[in-house]
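First the structure, which I've put down as C-alpha cells, then a few questions once you've had a look.
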Amino acid sequence: MWTGSWSRADSEGKIGAVTHARTHKIPLLGLCLGLQCVAIEVARNLAGLAGANSTEFDPATPHPVIATMADQEDVVAGERDMGGTMRLGLYPAVLAEGSLVRKMYGAEVVEERHRHRYEVNNAYRDQLEQAGLRCSGLSPDGRLVEFVELPREIHPYLVATQAHPEFLSRPTRPHPLFSGLVAAALEHARTVRTAPAARAAASA
C-alpha cells in the first residue's frame with residue numbers, strides 16, 4: 001500500500017515499487033500520492049512518455065502527467081499564499097460501471113476525504129487510458145480523476161485513489177478498498193505457495 005508523502009526524495013523509489021508490483025502482479029493499493037505514482041509509472045513504462053513526472057517533483061518535466069489544478073498555479077508559483085488552498089474535506093466521486101472499485105464499494109457514487117494539491121493532468125488522461133490505466137472514478141463534473149485501476153485481466157488488484165480512505169476506516173469496519181487489498185494479497189500468497197507444486201505435478 002503506497003500512501004501519501006511530503007518528500008520528493010523518495011518519489012522515484014515509490015514509482016519503482018509500482019513497477020515491481022505491476023510486473024510481478026503483486027496487489028497494490030495507492031493512496032493520494034500513491035495514485036500519482038501509479039499514473040507516472042504507467043505514463044513512463046506503458047504509454048512511452050519518457051521523463052513523465054509530477055510538476056511537484058520536477059517542474060521541468062517534458063510530460064507533466066501530474067500537475068497542480070489550473071486555478072492554483074499562482075499559489076504553487078509563490079504568487080499567492082498557500083494557506084487554505086489544498087483540496088480538503090469530503091468530496092464525491094462517480095465510479096465507472098464494471099470497474100473494480102465500484103464492485104468493492106457496491107455503489108455508484110461514493111464520498112471520500114481529501115488532502116492534496118496536485119491532480120492527474122487531464123491533458124494526459126486519454127494517453128494513460130490508451131496505455132491500459134482505467135480512470136475508474138471521477139468527480140461528478142468529470143474534471144478530476146479520483147480513482148484509477150488496471151483491468152483484472154491484466155493485474156489482480158492494482159487500484160489507487162486520490163483520496164484518503166484511511167480516514168474513514170475502522171478496526172471493526174474496514175474500508176472496502178482495504179478489504180479488497182487484503183483479500184487480493186491472501187489470494188496472491190496462496191498462488192505463490194502452490195505454484196511450485198503445480199509446476200512439479202505438470203512436469204511429472
- Search all heavy atoms of Gly132 against all heavy atoms of Pro151 and return the closest pair with its distance.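 Looking at all heavy atoms of both residues, the shortest contact is O-CD, 3.3 Å.
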- Query: Can you list every pair that meets ring-ring contact (aromatic ring centres under 6.0 Å, His included) and has a residue in residues 30-52, with sequence neighbours left out?
  - Reply: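 The answer is none; no pair qualifies.
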- Would you check if Pro165 and Phe178 make a side-chain contact, meaning some heavy-atom pair closer than 4.5 Å?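 They are in side-chain contact.
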- Task: Determine, step by step, whether His175 and Glu112 satisfy the side chain to side chain donor-acceptor pair (under 3.5 Å) criterion, reporting the C-alpha distance in whole Å, the side-chain angles of both residues, the deciding distance to 0.1 Å, and the verdict.
- Result: CA-CA 11 Å; His175 191 282; Glu112 292 289 357; 2.5 Å; yes
- So, the side chain of His155 versus the backbone of Ile26: is there a donor-acceptor pair under 3.5 Å, distance only?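 Checked: pair present.
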- Enter the distance from Ser54:OG to Ile66:CD1 here, rounded to the nearest 0.5 Å.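 So the gap between those two atoms works out to 6.0 Å.
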- Task: Please lay out, stage by stage, how Leu177 and Thr161 fare under the test side chain to side chain contact (heavy atoms under 4.5 Å, CB included).
- Result: CA-CA 9 Å; Leu177 296 181; Thr161 176; 4.1 Å; yes
- Message: Among residues at least two apart in sequence or on other chains, which ones pass ring pair (Phe, Tyr, Trp, His ring centres under 6.0 Å) with His188?
- Response: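 Not a single residue meets the ring pair (Phe, Tyr, Trp, His ring centres under 6.0 Å) criterion with His188.
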Pairs under 3.5 angstrom only: tabulate donor-acceptor contacts from the side chains of residues 30-42 to other protein residues two or more places apart or in another chain.
{"unit_1": "Gln36", "atom_1": "NE2", "unit_2": "Tyr118", "atom_2": "O", "d": "3.1"}
{"unit_1": "Gln36", "atom_1": "NE2", "unit_2": "Gln162", "atom_2": "OE1", "d": "3.3"}
{"unit_1": "Glu41", "atom_1": "OE1", "unit_2": "Arg22", "atom_2": "NE", "d": "2.9"}
{"unit_1": "Glu41", "atom_1": "OE2", "unit_2": "Thr19", "atom_2": "OG1", "d": "2.8"}
{"unit_1": "Glu41", "atom_1": "OE2", "unit_2": "Arg22", "atom_2": "NE", "d": "3.2"}
{"unit_1": "Glu41", "atom_1": "OE2", "unit_2": "Arg22", "atom_2": "NH2", "d": "2.8"}
{"unit_1": "Glu41", "atom_1": "OE2", "unit_2": "Asn45", "atom_2": "ND2", "d": "2.8"}

- If you round to the nearest 0.5 Å, how far is CZ of Arg102 from OG of Ser136?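 Taking OG in Ser136 and CZ in Arg102, the distance rounds to 11.5 Å.
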- Interatomic spacing from CG in Leu29 to CD in Glu149 - rounded to 0.5 Å: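 Atom-to-atom, Leu29:CG and Glu149:CD are 11.5 Å apart.
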- Going by heavy atoms in the side chains, are Tyr157 and Val182 under 4.5 Å from each other?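 Side-chain contact under 4.5 Å: no.
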- Message: One pair to check against side chain to side chain contact (heavy atoms under 4.5 Å, CB included): Val145 and Leu138. What are the steps and the verdict?
- Response: CA-CA 5 Å; Val145 176; Leu138 304 174; 4.0 Å; yes
- Query: Would you call Arg115 and Glu166 a salt bridge, using N to O less than 4.0 angstrom?
  - Reply: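 Looking at Glu166 together with Arg115, the answer is no, because their closest N to O distance does not fall below 4.0 Å.
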- Please lay out, stage by stage, how Ile15 and Arg44 fare under the test side chain to side chain contact (heavy atoms under 4.5 Å, CB included). CA-CA 10 Å; Ile15 294 166; Arg44 291 179 182 178; 3.9 Å; yes
- Item | Closest non-hydrogen atom pair between Leu100 and Pro156, with its separation |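 Smallest heavy-atom distance, with atoms named: CD2-O, 4.3 Å.
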- Query: Applying salt bridge (charged side-chain N to carboxylate O under 4.0 Å, His left out), which residue pairs with at least one partner in residues 129-138 are found, sequence neighbours left out?
  - Reply: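 Counting only pairs at least two positions apart or across chains, no salt bridge (charged side-chain N to carboxylate O under 4.0 Å, His left out) contact touches residues 129-138.
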- Message: For a quick test of reading the model, state the closest non-hydrogen atom pair linking Ser99 to Ala96 and the distance between them.
- Response: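 Heavy atoms only, the tightest pair is OG-O, 2.6 Å.
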- Task: Treat each ILVMFWY residue as a node, draw an edge where side-chain heavy atoms are under 4.5 Å apart, and state whether Tyr91 and Leu144 are in one component.
- Result: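 Tyr91 and Leu144: separate clusters.
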- Minimum heavy-atom distance Pro62-Gly51, with the two atoms named: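 Residues Pro62 and Gly51, closest heavy atoms: CD-O, 3.6 Å.
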- To the nearest 0.5 Å, tell me how far Thr61 OG1 sits from Glu56 CD.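 Rounded to the nearest 0.5 Å, the OG1-CD separation comes out at 13.0 Å.
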- How is the hydrophobic cluster of Val109 composed, in terms of its other members, when Ile, Leu, Val, Met, Phe, Trp and Tyr link through side-chain heavy atoms under 4.5 Å apart, directly or indirectly?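 Hydrophobic cluster check, Val109: joined to Val94.
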- Heavy-atom pair with the smallest gap, counting every atom of Asn121 and Ala67: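 For Asn121 versus Ala67, the nearest heavy atoms are ND2-CB, 4.3 Å.
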- Pair Val120-Val65, side chain to side chain contact (heavy atoms under 4.5 Å, CB included): steps then yes or no: CA-CA 6 Å; Val120 172; Val65 294; over 6 Å; no
- Task: Please list, chain by chain and in numerical order, all residues satisfying side chain to side chain donor-acceptor pair (under 3.5 Å) with His114, sequence neighbours excluded.
- Result: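 Checked His114 against side chain to side chain donor-acceptor pair (under 3.5 Å); matches are Glu146.
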- How long is the gap from NE2 on His63 to CG on Leu49, to the nearest 0.5 Å?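 Here the interatomic distance stands at 5.0 Å.
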- Hey, does Leu90 have a side-chain heavy atom less than 4.5 Å from the side chain of Arg113?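 Yes, close enough: below the 4.5 Å cut-off.
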- Message: Between Val148 and Leu46, is there shared hydrophobic-cluster membership here, with clusters defined by ILVMFWY side-chain heavy atoms closer than 4.5 Å?
- Response: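 Looking at the clustering, Leu46 is in the same group as Val148.
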